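Computed from heavy atoms alone, side chains included, the values below leave out hydrogens, waters and symmetry copies. A quick note: this is a predicted structure, and the numbers were derived from the prediction, not measured. Just so you know, residue 1 is the first one in the sequence shown, and it goes up from there.
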Amino acid sequence: MSLVIGLTGGIASGKSTVSNMLKEMDITVIDADVEARLAVEKGEPAYQKIVAEFGQDILLPGGEIDRQKLGSIIFHNAEKRQLLNGMVHPEVRKRMKDKVEAAMERGEQVVVLDIPLLFESKLTFMVEKSILVFVDRAVQLQRLMERNDLSLEDAEARVKSQMPLADKVALADAVIDNNETVEETRKQLFEILEGWGITT
């Protein structure tokens, strides 16, 4: 039986860094954001539902969904946003579940689900253990401003739109403190995996 681990964090917390470390260890990482993009591709069940609901206007000339156009509709309308999530999220969960099952069939000892909103979306039922990548708020803002070339005001607005990392600490089975060096982060990751009986 494979151990299914949920990896989560916040914007600019370093979750992608940890995700890449896991991939380097030849651990299968299934990324919810990637699956969400694939779920709305032309011909997919969610694609048909979205076009039926939001109309042909949201399509690009080639028939793909114009993510920006759709985003501007749902960004200002909570009802439409919920409607869209109701179409996309079940498909994303199904895609992730299928990939977990395939990894189990291959006999992999561990599979990681990279889910940014693991706690907010109440998706912990999909995993057996969870790892939170944590940084202090000041570090998070600094990294976000540098990475996305944002003002402090814009960075704060993005951080505020998510559940505070400090609130997620109590919900996670393990926490990686990513305030220090990459080496320090890697060391913590190894220790967590070893503690759960995973040989890397």
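In this structure, CG in Leu117 is found 8.0 Å from CG in Asp33, a value given to the nearest 0.5 Å. Going from atom CE of Met126 over to atom OG of Ser121 covers 11.0 Å, rounded to the nearest 0.5 Å. The line from CG of Leu22 to CD1 of Ile27 is 5.0 Å long, rounded to the nearest 0.5 Å.
Remark: Asp149 CG is loosely packed, at most 12 non-hydrogen atoms of other residues, nucleotides or ligands lying under 6.0 Å away. More than 12 heavy-atom neighbours from other residues, nucleotides or ligands sit within 6.0 angstrom of NZ on Lys23. Residue Arg143 qualifies as enclosed at atom CZ: its count of foreign heavy atoms under 6.0 Å is above 12.
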Listed pairs under 3.5 Å, donor-acceptor, residues 167-178 side chains, sequence neighbours left out:
| residue | atom | partner | partner atom | Å |
| --- | --- | --- | --- | --- |
| Lys168 | NZ | Gly9 | O | 2.9 |
| Lys168 | NZ | Glu120 | OE2 | 3.0 |
| Asp173 | OD2 | Ser130 | N | 2.8 |
| Asp173 | OD2 | Ser130 | OG | 3.4 |
| Asp177 | OD1 | Asn179 | N | 2.9 |
| Asp177 | OD1 | Asn179 | ND2 | 2.9 |
| Asn178 | OD1 | Thr185 | OG1 | 2.5 |
| Asn178 | ND2 | Ser13 | O | 2.8 |

Donor-acceptor contacts, no H, no angles, side chain residues 65-74, under 3.5 Å, sequence neighbours left out:
| residue | atom | partner | partner atom | Å |
| --- | --- | --- | --- | --- |
| Asp66 | OD1 | Gln68 | N | 3.2 |
| Asp66 | OD1 | Lys69 | N | 3.2 |
| Lys69 | NZ | Asp57 | O | 3.1 |
| Ser72 | OG | Lys69 | O | 2.7 |

Only distances under 3.5 Å count here; give the side-chain donor-acceptor pairs of residues 39-56 to other protein atoms, sequence neighbours excluded, each with its distance to 0.1 Å.
| residue | atom | partner | partner atom | Å |
| --- | --- | --- | --- | --- |
| Lys42 | NZ | Gly62 | O | 2.9 |
| Tyr47 | OH | Gly63 | O | 2.4 |

Can you give the donor-acceptor pairs under 3.5 Å from side chains of residues 94-105 to other protein atoms, not counting sequence neighbours?
| residue | atom | partner | partner atom | Å |
| --- | --- | --- | --- | --- |
| Lys94 | NZ | Asp98 | OD2 | 3.4 |
| Arg95 | NE | Glu35 | OE1 | 2.9 |
| Lys97 | NZ | Glu101 | OE2 | 3.3 |
| Lys99 | NZ | Glu35 | OE2 | 2.8 |

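Looking at Gln109, its side chain does come within 3.5 Å of a backbone N or O of Thr199 through a donor-acceptor pair. The closest donor-acceptor contact from the side chain of Asn77 to the backbone of Glu79 lies under 3.5 Å. A side-chain donor-acceptor contact under 3.5 Å links Glu128 to the backbone of Val4.
Within the 4.5 Å cutoff, no side-chain heavy atoms of Asp154 are placed close to those of Leu144. No side-chain heavy atom of Arg137 sits under 4.5 Å from any side-chain heavy atom of Leu165. At least one side-chain heavy atom of Leu7 sits less than 4.5 Å from a side-chain heavy atom of Val133. Between Ile131 and Trp196 there is a side-chain heavy-atom pair separated by less than 4.5 Å.
With sequence neighbours excluded, the residues that form a side chain to side chain donor-acceptor pair (under 3.5 Å) with Arg186 are Glu24.
Between Ile11 and Arg147, the closest heavy-atom pair is CG1-NH2, 3.8 Å.
Remark: the Glu108 side chain and the Ser2 side chain contain no N/O donor-acceptor pair separated by less than 3.5 Å.
For the side chain to side chain donor-acceptor pair (under 3.5 Å) with Lys15, the qualifying choice from Asp114, Thr8, Asn20 is Asp114, the only one to do so.
Chaining together hydrophobic side chains whose heavy atoms lie under 4.5 Å apart places Leu38 alongside Val34.
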| query | So Lys187 and Glu183, side-chain contact (heavy atoms from CB on, under 4.5 Å) or not? Walk me through it. | reply | CA-CA 6 Å; Lys187 185 168 160 278; Glu183 283 66 39; over 6 Å; no
